[in-house]
Amino acid sequence: MTAEEDVIIAVMGPTGAGKTTLINQATGGELGVGHGLQSMTDSIQIASFEYGGRRIRLIDTPGFDDTNKTDTDILELISTHLAAAYKRGHRLTGLIYLHRIIDNRVGGVSYKNMKMFHKLCGDDVLKNVVLCTTMWSGVPEEVGAQREEQLQSEFWPDMIRKGATIARHDGTRESARRIVSHVMSLGGAPPLLIQREMIDDGKLLIHTTAGAHANEELMRLEQLYRKALEDAQGEYQEALAKKDLEMRRMVTRERESFEARLKKAEEDRVTLQASSKAKIEAMERKIRELEEGPGYKDSKNGSLFGIRKKLREQRKRKAGTCTIA
Ligand SMILES: Nc1nc2c(ncn2[C@@H]2O[C@H](COP(=O)(O)OP(=O)(O)OP(=O)(O)O)[C@@H](O)[C@H]2O)c(=O)[nH]1
Ligand SMILES: [Mg+2]
């Protein structure tokens with residue numbers, strides 16, 4: 001079976017939504033699952049298994065608002081991978097977007113992830129998207145059903161109208177595989193918007209729909225930080241006038257914190273404006289090396305693929321496990 005014939009499904013959603021857990025349940029694999037407040041998956045990993053006579057590859061992605069990486073880092077990582085895979089001829093079968101039903105309100109992080117997801121996908125691919133809620137064991141059924149209703153009517157109506165379907169994951173292996181089967185039944189997906197924009201149209205990340213959205217958000221933050229710095233400057237002068245040493249120390253710490261955040265936001269905007277060409281080519285090379293390496297096409301159930309680990313293992317003359325980027 002060639003890589004082109006493989007079923008490839010990307011799993012996305014906020015950190016802690018249960019992406020890696022669902023993938024492990026489906027594949028029987030052992031990708032690292034988070035148990036603290038820290039984000040767990042900060043790279044792209046691929047786990048694969050045989051199902052219904054086909055090789056299924058599930059792509060595990062980090063969520064936006066990761067504790068270790070900025071949103072720009074995550075966007076760059078995901079878009080580079082998607083673009084390089086598209087250039088290599090890998091077509092996604094579909095995408096699973098996860099959301100925790102235990103969350104009693106859709107907060108900023110969840111909303112940001114949903115928005116980014118839609119902007120990365122575009123509209124054409126939505127018929128191959130499953131919006132899936134997780135952690136149903138953590139809420140009474142009727143409470144979960146109410147929240148699901150609210151997601152459908154307030155947060156997902158646009159995606160649903162354009163073809164996305166809804167699913168519940170009950171945390172079992174059967175449920176994980178049922179969701180995978182459902183994605184497979186939807187037929188192959190057209191390219192994602194980010195893939196068309198970056199590869200077919202040769203756009204810089206900042207000029208893509210998702211990149212432009214990220215840029216706007218960074219500009220908004222920069223404005224906030226500049227205003228905070230102005231205020232801090234006023235407070236500093238006040239502290240000087242009052243000869244209040246403690247206040248001066250406090251304001252200085254505050255100022256340093258805002259300066260650092262402003263600097264990071266400015267750097268992130270430079271990242272968005274940079275050409276991704278070299279990075280996409282590097283990622284493409286990694287993907288090719290992985291495909292040509294031992295064990296890629298005939299890996300056992302639950303095996304995990306990621307480029308770095310894979311290359312390490314190849315050096316050790318072993319097939320099996322790795323992490324992309
Ligand atoms: N009760 C319950 N807990 C779950 C379920 N799925 C995941 N969890 C737990 O939720 C936590 C986060 O799960 P992960 O699979 O690491 O979430 P993730 O989306 O991969 O998170 P990141 O890698 O940080 O983006 C872990 O403690 C899991 O054990 C579920 O269906 N039910
Ligand atoms: Mg994870």
Side-chain angles (χ1 to χ4, degrees), residues 9-49 56-79 81-82 94-104 106-117 120 129-141 143-145 147-148 151 166-180 182-183 302-309 321-325:
I9 299 172
V11 182
M12 296 193 185
T15 188
K19 301 178 291 292
T20 307
T21 302
L22 183 142
I23 291 173
N24 284 342
Q25 284 158 344
T27 62
E30 290 177 357
L31 295 178
V33 168
H35 292 290
L37 291 174
Q38 291 276 316
S39 314
M40 184 63 199
T41 309
D42 67 358
S43 57
I44 288 178
Q45 307 183 105
I46 305 177
S48 79
F49 68 113
I56 321 289
R57 299 193 190 277
L58 298 179
I59 306 175
D60 194 2
T61 61
F64 293 93
D65 224 59
D66 185 278
T67 42
N68 308 310
K69 284 190 151 94
T70 67
D71 290 348
T72 307
D73 295 335
I74 303 286
L75 176 62
E76 194 192 27
L77 179 67
I78 293 179
S79 60
H81 173 73
L82 289 170
L95 299 100
I96 300 171
Y97 180 87
L98 296 188
H99 176 89
R100 294 158 24 132
I101 202 71
I102 53 170
D103 293 343
N104 59 6
V106 177
V109 172
S110 297
Y111 188 59
K112 175 163 66 180
N113 275 273
M114 289 172 190
K115 238 175 150 167
M116 259 310 190
F117 176 73
L120 278 167
V129 163
V130 177
L131 302 168
C132 177
T133 42
T134 57
M135 307 193 186
W136 279 85
S137 62
V139 282
E141 210 275 336
V143 173
R147 289 181 187 161
E148 191 183 43
L151 285 167
I166 300 291
R168 292 181 188 184
H169 174 43
D170 69 12
T172 62
R173 179 190 178 95
E174 294 66 42
S175 165
R177 292 203 163 186
R178 186 172 37 79
I179 292 158
V180 167
H182 173 58
V183 177
S303 54
L304 153 70
F305 290 91
I307 300 284
R308 278 192 199 143
K309 248 185 187 168
T321 320
C322 24
T323 297
I324 298 182

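Counting starts at 1 for both ligands and their atoms, following the listed order.
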Discussion item. I'd like to know whether ligand 1 has G138 as a neighbour, heavy-atom separation below 4.0 Å.
Written reply: no

Discussion item. If we only consider heavy atoms of P14, is any one of them less than 4.0 Å away from an atom in ligand 1?
Written reply: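 Right, P14 reaches ligand 1.
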
Using atom types as modelled and distance alone, determine if a side-chain donor or acceptor of [X] lies under 3.5 Å from a backbone N or O of [Y].
{"X": "R177", "Y": "A26", "answer": "yes"}
{"X": "Y97", "Y": "C132", "answer": "no"}
{"X": "T61", "Y": "I44", "answer": "no"}
{"X": "N113", "Y": "S110", "answer": "no"}
{"X": "R147", "Y": "I102", "answer": "yes"}
{"X": "S175", "Y": "D170", "answer": "yes"}

Fill in: Interfacing atoms of ligand 1 (cut-off 4.0 Å, heavy-atom, S137)
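Those qualifying, in numeric order: 1 (N).
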
Discussion item. Give the atom numbers and elements of ligand 1 that come within less than 4.0 Å of a heavy atom of A17.
Written reply: 17 (O), 19 (O)

Worksheet item: With respect to atom 5 (C) of ligand 1, which of M12, M135, Q45, K19 exhibits the smallest heavy-atom separation?
Response: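 Minimum heavy-atom distance to atom 5 (C) of ligand 1 goes to M135.
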
Worksheet item: Below 2.8 Å, any N, O or S contact between T20 and the Mg ion (ligand 2)?
Response: yes

Worksheet entry | Ion pair K112/D71, N-O distance below 4.0 Å |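 Yes, charged N to carboxylate O under 4.0 Å.
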
Discussion item. I'd like to know if K69 pairs up with E76 as an ion pair, taking the criterion as any Lys NZ or Arg NE/NH1/NH2 lying under 4.0 Å from an Asp or Glu carboxylate oxygen.
Written reply: no

Based purely on interatomic distance, does [X] place a nitrogen or oxygen under 3.5 Å from a nitrogen or oxygen of ligand 1?
{"X": "T134", "result": "no"}
{"X": "T61", "result": "no"}
{"X": "G18", "result": "yes"}
{"X": "D60", "result": "no"}
{"X": "G16", "result": "yes"}

